[in-house]
Amino acid sequence: TDASHEINFHQFEGLMVGPDVSLANFKYVISEFFNQLLNQKTDIRLRPSYFPFVEPGLEIDIKLPHLTSKPEHPTSEWLEVMGAGMVHPNVFNAVKYNPKLVKGFAFGLGLERMAMLKYGIPDIRMFYENDVRFLRQF
């Protein structure tokens, strides 16, 4: 456990399935989600990763405009916020969808991390300390 990682994890997930769903659709949906959540234009980047139910798998980072890169930490302005990817054909087979007729993307992200970004909360542990002064703000 540290300021940005906690053993308790609350996640919400999204799934979009249809005949013409693509990574371009995913990128647009996620970009708009963060633009709306943070009330500002938010840059995102997609990095390859592995998750067992998607192929390709992606990790999604957002650029935090209030952080600046330092030579010793050149990626400090980016924060990983979710895992995602295109639904693997085996997942569609398991639910009796024909993967030749439908495609989809899926993603999952932590509720606490989103609240930290939205409200400027510096330490994830604050959610679990049961400090009434902190909790009453919401």
Side-chain angles (χ1 to χ4, degrees):
T1 299
D2 63 28
S4 62
H5 299 89
E6 175 59 59
I7 59 171
N8 295 308
F9 187 73
H10 300 93
Q11 176 172 305
F12 75 86
E13 299 175 347
L15 173 67
M16 182 177 186
V17 175
D20 298 315
V21 175
S22 69
L23 277 177
N25 299 128
F26 170 73
K27 187 174 180 182
Y28 175 80
V29 167
I30 295 308
S31 292
E32 281 303 306
F33 171 80
F34 283 110
N35 291 343
Q36 294 295 318
L37 177 72
L38 301 175
N39 294 319
Q40 65 184 16
K41 170 83 172 87
T42 305
D43 292 330
I44 66 168
R45 71 177 177 191
L46 289 67
R47 293 181 293 114
S49 190
Y50 171 78
F51 299 101
F53 300 109
V54 294
E55 179 61 37
L58 305 165
E59 290 184 359
I60 313 309
D61 303 330
I62 63 170
K63 190 170 191 176
L64 301 174
H66 62 280
L67 297 179
T68 57
S69 291
K70 299 175 184 170
E72 66 273 17
H73 301 292
T75 61
S76 64
E77 64 190 18
W78 290 93
L79 177 67
E80 179 189 340
V81 291
M82 71 171 65
M86 295 302 290
V87 177
H88 195 286
N90 290 339
V91 173
F92 287 130
N93 287 330
V95 295
K96 301 195 182 348
Y97 279 29
N98 184 339
K100 293 179 181 177
L101 299 177
V102 295
K103 306 285 183 242
F105 63 75
F107 62 89
L109 62 155
L111 292 173
E112 292 89 350
R113 175 82 45 100
M114 293 303 100
M116 290 172 72
L117 290 169
K118 175 85 174 163
Y119 298 108
I121 299 166
D123 193 320
I124 197 168
R125 295 170 288 197
M126 296 174 79
F127 291 105
Y128 301 98
E129 293 174 343
N130 292 321
D131 183 333
V132 175
R133 295 168 298 177
F134 171 76
L135 298 174
R136 284 193 179 142
Q137 296 178 65
F138 310 100

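None of the values given here were measured: they were computed from a predicted structure. Numbering of residues begins at 1 and proceeds along the displayed sequence.
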Mind listing the closest non-hydrogen atom pair of [X] and [Y] along with its distance?
X    : Y    : result
A115 : I121 : O-CD1, 3.9 Å
E6   : Y128 : CG-CE1, 3.4 Å
F12  : M114 : CE2-CG, 4.4 Å
I62  : L117 : CD1-CD1, 3.6 Å
K103 : K100 : NZ-CA, 4.3 Å
R133 : D131 : NH2-OD2, 2.7 Å

Next on the checklist: Using a 6.0 Å cut-off, check whether atom CG of N98 has over 12 heavy atoms from anything other than its own residue.
Outcome noted: yes

Item to check | Greater than 12 external heavy atoms within 6.0 Å of F134's CZ | outcome: yes

Nearest 0.5 Å, please: how far is [atom2] in [Y] from [atom1] in [X]?
X   : Y   : atom1 : atom2 : result
I30 : K27 : CD1   : NZ    : 12.0 Å
K63 : I44 : NZ    : CD1   : 13.0 Å
E55 : H88 : CD    : NE2   : 6.0 Å

With the 4.5 Å side-chain cut-off for hydrophobic clustering, are [X] and [Y] part of the same group?
X    : Y    : result
V102 : M16  : no
F92  : F105 : no
V29  : M86  : yes
F53  : F107 : no
F51  : V17  : no

I'd like to know if the side chain of [X] reaches the main chain of [Y], judged simply by a donor and an acceptor atom lying under 3.5 Å from each other, with no hydrogens or angles considered.
X    : Y   : value
R113 : M82 : no
K118 : L37 : yes
S22  : D20 : no

Item to check | K41/D43 salt bridge by N-O under 4.0 Å criterion | outcome: yes

Within a strict 4.5 Å, meaning less than it, do heavy atoms of the [X] and [Y] side chains meet?
X    : Y    : value
E80  : D61  : yes
E112 : H10  : yes
V87  : V21  : no
I60  : L109 : no
V81  : F34  : yes
L46  : F26  : yes

